[in-house]
Amino acid sequence: MPEDAAARSRPSEKWAVADRPKNTNPDPAVFGVAGAVLDLLEAAGDTAAKETAQALGERLRAVRREAYALVVEVPAGERLGAGSR
């Protein structure tokens with residue numbers, strides 16, 4: 001990309017350090033979209049689809065609980081690897 005096409009530029013190492021906490025915290029929209037997809041799959045009427053949606057829904061809820069618990073219980077950045085800081 002030509003340099004004049006970029007609005008802002010900084011070394012990727014600095015960008016990664018600032019961006020990492022955004023990627024390590026759960027985004028509620030992700031869980032909402034995944035849940036909506038599973039609802040549609042379950043409503044499809046097919047027995048295999050319903051069973052799959054139910055199993056994945058259970059897993060989704062477990063992951064959501066764990067992710068939110070980590071946000072509440074673990075200080076920001078603590079679970080990032082040593083090379084991540």
Side-chain angles (χ1 to χ4, degrees):
M1 169 167 70
E3 193 171 318
D4 63 345
R8 185 173 171 192
S9 174
R10 66 178 164 170
S12 63
E13 296 81 17
K14 288 184 179 183
W15 171 83
V17 168
D19 190 62
R20 193 161 286 111
K22 297 174 197 168
N23 292 317
T24 56
N25 288 322
D27 183 342
V30 171
F31 296 114
V33 169
V37 168
L38 294 175
D39 289 345
L40 290 172
L41 183 62
E42 191 170 356
D46 181 285
T47 302
K50 286 182 180 186
E51 290 173 359
T52 299
Q54 290 169 356
L56 291 174
E58 289 174 21
R59 179 68 179 131
L60 176 65
R61 288 185 291 280
V63 168
R64 184 182 64 199
R65 280 191 304 273
E66 183 178 349
Y68 288 159
L70 287 171
V71 169
V72 171
E73 298 168 6
V74 178
E78 185 175 301
R79 291 272 174 112
L80 297 176
S84 303
R85 295 179 193 186

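Distance CG/L56 to CG/L41: 7.5 Å, rounded to 0.5 Å.
Sorted by first and then second residue, the side chain to side chain donor-acceptor pair (under 3.5 Å) pairs involving residues 56-74 (not counting sequence neighbours) form an empty list. Sorted pairs that involve residues 35-55 and meet ring pair (Phe, Tyr, Trp, His ring centres under 6.0 Å), not counting sequence neighbours, are lacking altogether. Applying the ring pair (Phe, Tyr, Trp, His ring centres under 6.0 Å) test to pairs two or more places apart or on separate chains, none has a residue in residues 37-63. The stretch residues 6-27 participates, sequence neighbours left out, in no ring pair (Phe, Tyr, Trp, His ring centres under 6.0 Å) pair at all.
Not counting sequence neighbours, the partners of Q54 by the side chain to side chain donor-acceptor pair (under 3.5 Å) test are E42. By the side chain to side chain contact (heavy atoms under 4.5 Å, CB included) test, L40 pairs with no residue at all, sequence neighbours left out. Under the side chain to side chain contact (heavy atoms under 4.5 Å, CB included) criterion, A55 pairs with no residue, sequence neighbours left out. For D27, the side chain to side chain contact (heavy atoms under 4.5 Å, CB included) criterion is met by A29, V30, not counting sequence neighbours.
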